[in-house]
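Notes follow once the structure below has been shown.
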Amino acid sequence: MSTMGWIRAWLGVFITGLVVSGLTAFPLVTEIRLLADLLHWLPAAPDGLVAWVERVRDGLTVTARDYPFVAYGTDWLAFAHLVIAAAFWAPWRDPVRNVWVVEWGMICCAGIVPLALIAGPVRGLPFGWTLIDISFGVVGVVPLIVVRSLIKRLATAGVRQDEQVQAGDHEHGQREQRHVGDPDDRVLLGEGDERQDDGRGEDGRGPAVDAADAILPGHEQTLTTGTRLGLLDS
């Protein structure tokens, strides 16, 4: 696979994660109920995890029943994930020019760590759940680091190719100048070619050349004066 193909593959992994996270943020009540039922079916599920999931289920159920407008905030959260995913369409199309989007995503992933460490205890989340939230940033930054490295490699290859093309054009231009020579020579050569196309002289062995064609540059006045003197003598 080419470098561009690997860039798009890793970007596809990251975009898919964002889309899944966004879509699953809409039906929170349904999902937490399914998770609670699943944990009850698993005999090896830790009691602390089961108790916490049940508490979250009860809180979301009561909120959705009595205060449904609160879920409007999580709807915006889901939409934000989808918007961020759409932003990575730019490096998908032109990764070198839009590498800043990848770097911006890396900064966002790094920001998850302090957010979880600060907001988690304030909101009363268990420390284990805070670690799960931090893992989203740690895992999410991995494909972005790979993508950024591949983009830098692609940009370096493009610069080298441009330098080779410029060097080839410069060499070709110098070769043309050596073959053509001075601009005045090109004019004289062109005039000579036109004279050779005029036909043969009276003896049939060479092109007909007028007296004016034989005049060297800078001697026109001398020839004219000599011609007049000859006419006077005759």
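Start at 1 with the first residue, then count along the sequence. These numbers come from the heavy atoms of this one structure, side chains and all, not from hydrogens, waters or symmetry mates.
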Taken to the nearest 0.5 Å, the spacing of L60 CG from R55 CZ works out to 12.0 Å

Between I32 and L28, is there a side-chain heavy-atom distance shorter than 4.5 Å?
no

ILVMFWY cluster, W92 and V102 together (side-chain gap under 4.5 Å)
yes

Has D47 got more than 12 heavy atoms of other residues, nucleotides or ligands less than 6.0 Å from its CG?
no

Report, as yes or no, whether the 6.0 Å neighbourhood of atom CH2 on W6 holds more than 12 heavy atoms from other residues, nucleotides or ligands.
no

Single-linkage hydrophobic cluster, 4.5 Å side-chain cutoff, W89 and M4 together:
yes

To the nearest 0.5 Å, how far apart are CD1 in I15 and NE2 in H81?
14.0 Å

Rounding to 0.5 Å, atoms CZ (R93) and CG (N98) come to a distance of 9.0 Å

Should V13 and V20 be regarded as members of a common hydrophobic cluster, given that ILVMFWY residues are connected when their side-chain heavy atoms come within less than 4.5 Å of each other, either directly or indirectly?
no

Do R57 and L35 make a side-chain contact, defined as non-hydrogen atoms from C-beta onward lying under 4.5 Å apart?
no

Quick check for you: to the nearest 0.5 Å, what is the distance between F14 atom CZ and W10 atom CH2?
12.5 Å

Minimum heavy-atom distance between A116 and T130, given as atom pair plus value
O-CG2, 3.3 Å

Single-linkage hydrophobic cluster, 4.5 Å side-chain cutoff, F26 and Y72 together:
no

Between V101 and A87, what is the shortest heavy-atom contact and its length?
CG1-O, 3.7 Å

I118 side, atom CD1; R123 side, atom CZ - distance, nearest 0.5 Å:
12.0 Å

Atom CD1 of I112 and atom CG of L117: how far apart are they, to the nearest 0.5 Å?
11.5 Å

Report the residues that fulfil ring-ring contact (aromatic ring centres under 6.0 Å, His included) with F79, sequence neighbours left out, ordered by chain and then residue number.
W76

Would I84 and I107 show up in the same hydrophobic cluster when neighbours are defined by side-chain heavy atoms closer than 4.5 Å?
no

Side chain to side chain contact (heavy atoms under 4.5 Å, CB included) between W129 and L49, intermediate numbers included:
CA-CA 9 Å; W129 203 265; L49 177 61; 4.2 Å; yes

Kindly determine whether L18 and L82 satisfy side chain to side chain contact (heavy atoms under 4.5 Å, CB included), including the steps that lead there.
CA-CA 7 Å; L18 285 172; L82 300 179; over 6 Å; no

Using every non-hydrogen atom in the two residues, find where F88 and G105 come nearest and quote the distance to one decimal.
CZ-CA, 4.0 Å

Please table the atom pairs, donor to acceptor, closer than 3.5 Å between any side-chain atom in residues 132-150 and protein atoms at least two apart or in another chain.
| residue | atom | partner | partner atom | Å |
| --- | --- | --- | --- | --- |
| S135 | OG | I132 | O | 2.3 |
| R148 | NE | E103 | OE2 | 3.0 |
| R148 | NH2 | E103 | OE2 | 3.4 |

Would you please classify the geometry between the F69 ring and the Y67 ring as parallel, tilted or perpendicular, with 30° and 60° separating the classes?
perpendicular

